[in-house]
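By convention in this document, chain letters (A, B, ...) are assigned in the order of the sequence lines, proteins followed by strands, and residues within each chain are numbered from 1.
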Amino acid sequence: MEISFYDTLSAQKIEFKPREPGKVYMYVCGLTPSNYPHVGHARTAVIFDLIRRIFEKNGYRVFYYSNFTDIDDKIIQRSLDENITTVEVVKKYSEAYLEAMDQLHIKPLEKWARVTENIPEIIEMVSKLIENGYAYESEGDVYYRVKKFSTYGKLSKRSIKEMLIGARIAPGEKKEDQLDFALWKAAKPNEPSWDSPWGKGRPGWHIECSAMSLKFLGNHFDIHGGAQDLIFPHHENEIAQAEAYTGISPFSKYWIHTGWVTLNREKMSKSIGNVFLISEALKVVSPNVLRFFFIETLYSSPLEYNLDQLHQASRAFERIVISIQRLEEAIAKAESGQKNEKMLNGFKKLHDSFHQALAQNFNTPQGIAVLMNAIRELNKLLDTGNQSLEDLQSIKAYFSDWFDTLGLVNVAETELSKEEWDLSSEMKVIASKHQIELSENQSVADMIQAFIQKRDEYRQNKQYFESDEIRNDLYALKIQLEDKKDGTEYRIIP
RNA sequence: GGCGACAUAGCCAAGUGGUAAGGCAAGGGUCUGCAAAAUCCUCAUGCGUCGGUUCGAAUCCGACUGUCGCCUCCA
């Protein structure tokens, strides 16, 4: 299937053409691990994971690289604040980030490139830029000569002239020009540093991504990504560095930028301080729901984060979960039989629409609309009953494929985790209230069955006050009883 | 000050020239002892405002209003 998306560099929707057939080389800017990751980081990570999955579903092998900028002013500042080494700062926060990636079902990357492991490549690049006149040394610092790079501004759509007019940048004493930016910074006392032709120092921001993406992906790779706030100056500078270094344009063929997460309509940002951590969000909703919340909106639009929106996503996702649970139950009971070609054909069409939607600028909202329509069809089908095992399994395969594409895992999981099952003590309290005998080593599932049995007795005797009381008590423990034709079932409220 | 993005129902949100997807919330019917779930029905002659182009515009053009962002660190 042809995949197209909005490319920041050409400022239009383009059809993706890989550098090598069947392969996608993608570099997405990671972060500077100087703090715990917030919901904005999660969104960007989920979106690029999704993009990767979409390419994979379309038969591409994706080489996905990202980075930790593990030496930088902020890391140094943090190490002073916390009175630990810069290495410890990086370890602490990069591990927290990687753990969050794992929780959010981000598929493993090809590599997390680190600045401190690629210093020789960076020095080589800076040296070459000085040689060919794109950079100059000044008192131990090295700066990029922006005016020398004639196409500077092509990504962010601004001109050098405009920037000089609107600039608020104070001219640095060591710079030739106020637009120039640092490639190498001379070390101050007690700062981590590396030897270089310009004395002890460390790389500036920007240079590491040019050096590492060229090193690991080669020149003219397919996709360079990141959030919108990286367009300028970070990505603009990366282009200037890389293209001046290689002499070949474009450095990356396509550029994809994600919208940011807002809080009260303002950008969630460390500097403003209006930040919700991923860990905080995951206390409120499951990773599946958080992912679902992100992909309900197109990746490039701003996304307002609040509990009400999270709740809406949660409700919608719950509908999906319930239907898939019903499907699993139906499969368990179904018998082999005739194929309903017409019905399966309907699902095949939904399948095509789903992938078509995602291939069009990764349009997940439209994909979810298709998914919801499929859920409605599934519910109707399950209401009529007696579907053959083969049919139900075919339908399940479609849903599994869609969930896999969206990175939603174990959607039909009904078993409670160990922590959630730590309900037995509370359940015993309710049990004694209703004169139900529970034994010590009974599973919670068995306990619930005991409640259901007792409630059935009440209902038989039309003691509805008592039966409703049991239902309400269990509901308070997030166990919801549902009376169906062939008996009472329960489900756990997510 | 310079540049840019966005504005779709009570809320969220797709839709870039052919007559408004989907979700949440709400109301009604079926089912149920009652619920819940499910299902069916209802819910924008309308897409910030005013003009223009067109046989036809939420979609293109212009002006205006509003919100946000970038120009300094940011996912």
Please determine if A:Lys380 and A:Asp383 form a salt bridge, counting it only when a charged side-chain N lies under 4.0 Å from a carboxylate O. no
A:Glu482 bridged to A:Lys484 by N-O distance under 4.0 Å: yes
Could you tell me whether [X] contacts a base, only the sugar-phosphate backbone, or nothing, with contacts defined as non-hydrogen atoms closer than 4.0 Å?
X	result
A:Lys267	base
A:Tyr464	base
A:Ser301	sugar-phosphate
A:Arg455	base

Ring pair (Phe, Tyr, Trp, His ring centres under 6.0 Å), paired with A:Phe181, selected from A:Tyr144, A:Tyr143, A:Phe149: A:Tyr144
If you measure from the [atom1] atom in [N] to the same atom in [M], how many Å do you get, rounded?
N	M	atom1	answer
B:G56	B:A14	C1'	23 Å
B:U49	B:G66	C1'	10 Å
B:A7	B:C50	C1'	16 Å
B:G17	B:C43	P	28 Å
B:U65	B:G29	P	50 Å
B:A9	B:A25	C1'	12 Å
B:C70	B:G27	C1'	46 Å
B:A13	B:C47	C1'	13 Å

5'-most contact on RNA chain B: A:His41 or A:Lys157, nearest heavy atom basis?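 The residue whose closest nucleotide sits nearer the 5' end is A:Lys157.
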Residue closer to the 5' end of RNA chain B, A:Gln480 versus A:Ser269 (nearest nucleotide): A:Gln480
Verify the contact: side-chain N or O of A:Lys484 to OP1 or OP2 of B:A36, cut-off strictly under 4.0 Å; return yes or no. no
To the side chain of [X], which of [options] is closest?
X	options	answer
A:Thr297	B:A13, B:C34, B:A75	B:A13
A:Pro233	B:G33, B:U39, B:C73	B:C73
A:Glu482	B:G69, B:A36, B:A13	B:A36

Could you please name the partner base of [N], counting Watson-Crick and G-U wobble pairs only when both distances are under 3.5 Å?
N	answer
B:U45	none
B:G17	none
B:U54	none
B:A35	none
B:U67	B:A5

Take a 6.0 Å sphere around NZ of A:Lys107 and say whether it holds more than 12 heavy atoms from other residues, nucleotides or ligands.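 Enclosed.
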A quick test of your reading: do over 12 heavy atoms of other residues, nucleotides or ligands sit less than 6.0 Å from NZ of A:Lys396? no
Could you run down nucleotides 15-24 of chain B 5' to 3' and tag each one B, S or - for protein heavy-atom contact under 4.0 Å? S-----BSBB
Report the distance from atom [atom1] of [X] to atom [atom2] of [N], rounded to the nearest whole Å.
X	N	atom1	atom2	value
A:Asn274	B:A75	CG	P	14 Å
A:His235	B:C71	NE2	C1'	17 Å
A:Gln228	B:C6	CD	C1'	11 Å
A:Glu377	B:A38	CD	P	15 Å
A:Asp308	B:C11	CG	P	11 Å
A:Ile320	B:A38	CD1	P	12 Å
A:Tyr305	B:C12	OH	P	17 Å
A:Arg471	B:U32	CZ	P	14 Å

base_contact_polar ([N] base, [X] side chain, donor-acceptor, <3.5 Å):
X	N	answer
A:Asp229	B:G69	no
A:Asp383	B:C40	no
A:Arg265	B:C6	no
A:Arg326	B:A37	no

Please find out if less than 6.0 Å separates the ring center of A:Phe251 from that of A:His224.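 Here the rings of A:His224 and A:Phe251 have centres that are less than 6.0 Å from each other.
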Is the centre of the A:Tyr93 ring less than 6.0 Å from the centre of the A:Tyr36 ring? yes
Euclidean distance, A:Leu382 CG relative to A:Gln325 CD, rounded to 0.5 Å: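 Answer rounded to 0.5 Å: 12.0 Å.
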Just by distance, do the side chain of A:Arg291 and the backbone of A:Gly407 share a donor-acceptor pair under 3.5 Å? yes
Using the ring of A:Tyr464 (Phe, Tyr or Trp, six-membered ring only), decide whether A:Arg459 places NZ or CZ under 6.0 Å from its centre and within 45 degrees of its axis.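 Judged by the rule (NZ or CZ under 6.0 Å from the ring centre, within 45° of its axis), A:Arg459 is not positioned above A:Tyr464.
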